Amino acid sequence: QVQLVESGGGLVQAGGSLRLSCAASGSIFRYNDMGWYRQAPGKQRELVARITSGGSRNYADSVKGRFTISRDNAKNTVYLQMNSLTPEDTSIYYCTAEIMQYGSSTYADYWGQGTQVTVSS
């Protein structure tokens, strides 16, 4: 069984920063892409940032220059550093990872439970 657990969300004023973490645990043999998505009330879930196993990154246009995704494979963790936050960034943030478990030959997508980020004006 694999679990992803996010942390680091909270309430921050506009212009502030937060750092989200997502730690994976369980029977993990290998990782592929990891990423962060967000979903605001009444809106569809959208990609925020993604990082490949080789370290290539892509970002939503709305967060480019403000957010940075990184990963530490030794710690089974992916991070999202969020700077210059605006009220439009208010959302539930979910981490995701493509993981191959021991005994498997394919990757599967796993999701965390989500962490709330609220930015006040």
Side-chain angles (χ1 to χ4, degrees):
Q1 190 74 337
V2 172
Q3 272 194 318
L4 300 182
V5 179
E6 299 105 335
S7 60
L11 174 64
V12 64
Q13 287 189 332
S17 299
L18 284 174
R19 188 193 195 206
L20 305 183
S21 300
C22 173
S25 62
S27 178
I28 298 169
F29 175 56
R30 187 176 293 169
Y31 292 91
N32 200 10
D33 292 4
M34 304 178 81
W36 290 92
Y37 284 71
R38 67 186 181 186
Q39 187 168 20
K43 294 188 177 181
Q44 287 190 328
R45 190 172 295 190
E46 62 175 0
L47 172 70
V48 176
R50 201 162 179 90
I51 183 168
T52 69
S53 57
S56 297
R57 300 167 171 85
N58 65 289
Y59 297 93
D61 288 343
S62 59
V63 307
K64 282 180 182 176
R66 301 187 298 121
F67 290 11
T68 302
I69 189 171
S70 60
R71 62 191 286 170
D72 185 336
N73 290 334
K75 295 182 178 180
N76 296 342
T77 301
V78 61
Y79 304 96
L80 186 68
Q81 178 65 44
M82 305 186 294
N83 299 328
S84 302
L85 285 160
T86 73
E88 287 68 38
D89 295 314
T90 295
S91 195
I92 299 175
Y93 285 72
Y94 299 90
C95 72
T96 182
E98 296 175 353
I99 292 172
M100 182 185 295
Q101 293 193 70
Y102 284 103
S104 174
S105 59
T106 59
Y107 289 95
D109 290 331
Y110 293 88
W111 291 82
Q113 81 288 351
T115 185
Q116 176 71 46
V117 171
T118 303
V119 185
S120 63
S121 57

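Quick caveat, the model's predicted, so the values are computed rather than measured.
Using a 4.5 Å heavy-atom threshold, the side chains of Phe67 and Leu85 count as touching.
By the rule that hydrophobic residues join a cluster once side-chain heavy atoms approach within less than 4.5 Å of another member, Met100 and Ile51 end up as members of separate clusters. Linking Ile, Leu, Val, Met, Phe, Trp and Tyr residues whenever their side-chain heavy atoms come within less than 4.5 Å leaves Ile92 and Val48 in two separate clusters. When hydrophobic clusters are built by joining Ile, Leu, Val, Met, Phe, Trp and Tyr residues whose side-chain heavy atoms come closer than 4.5 Å, directly or via intermediates, Val117 is grouped together with Val63.
When all heavy atoms are compared, the tightest approach of Ser27 to Val2 is O-CG2, 4.2 Å. In terms of heavy atoms, Trp36 sits closest to Leu47 at O-CD1, 3.7 Å. Counting all heavy atoms, side chain and backbone alike, Leu4 lies closest to Ala24 at CD2-CB, 3.3 Å.
The OG1 atom of Thr52 sits 8.5 Å away from the CZ atom of Arg57 when rounded to the nearest 0.5 Å. Atom OG in Ser53 sits 6.5 Å away from atom CG in Asp33 (nearest 0.5 Å). Here the straight-line distance linking atom CE of Met34 with atom OG1 of Thr96 works out to 8.5 Å at 0.5 Å rounding. Separating the CD1 atom in Ile69 from the SG atom in Cys95 is a distance of 9.5 Å, to the nearest 0.5 Å. If you take OG1 on Thr118 and CD on Gln13, they are separated by 13.0 Å, rounding to the nearest 0.5 Å.
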Could you give the side-chain donor-acceptor pairs of residues 105-114 under 3.5 Å, partners two or more places apart or in another chain?
{"from": "Tyr110", "atom 1": "OH", "to": "Gln101", "atom 2": "NE2", "distance (Å)": "2.8"}
{"from": "Gln113", "atom 1": "NE2", "to": "Glu6", "atom 2": "OE1", "distance (Å)": "3.3"}

Atom pairs and distances, side-chain donor-acceptor, residues 14-21, under 3.5 Å, sequence neighbours left out:
{"from": "Ser17", "atom 1": "OG", "to": "Asn83", "atom 2": "OD1", "distance (Å)": "2.9"}

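Within the structure, the side-chain hydrogen bond (donor to acceptor under 3.5 Å, both in side chains) test picks out the following pairs touching residues 62-74 (sequence neighbours left out): Arg38-Ser62, Asp61-Lys64, Arg66-Asp89, Arg71-Asn73. Applying the ring pair (Phe, Tyr, Trp, His ring centres under 6.0 Å) rule to pairs touching residues 3-30 yields Phe29-Tyr102, sequence neighbours excluded. The ring pair (Phe, Tyr, Trp, His ring centres under 6.0 Å) contacts involving residues 78-98 comprise nothing, where partners must be two or more places apart or lie in separate chains. The stretch residues 95-106 participates, sequence neighbours left out, in these salt bridge (charged side-chain N to carboxylate O under 4.0 Å, His left out) pairs: Arg50-Glu98.
With hydrogens and angles disregarded, a donor-acceptor distance shorter than 3.5 Å links the side chain of Thr90 to the backbone of Val119. Judged by distance alone, with hydrogens and angles left aside, the side-chain atoms of Ser91 form a donor-acceptor pair with the main-chain N or O of Gln39 at under 3.5 Å.
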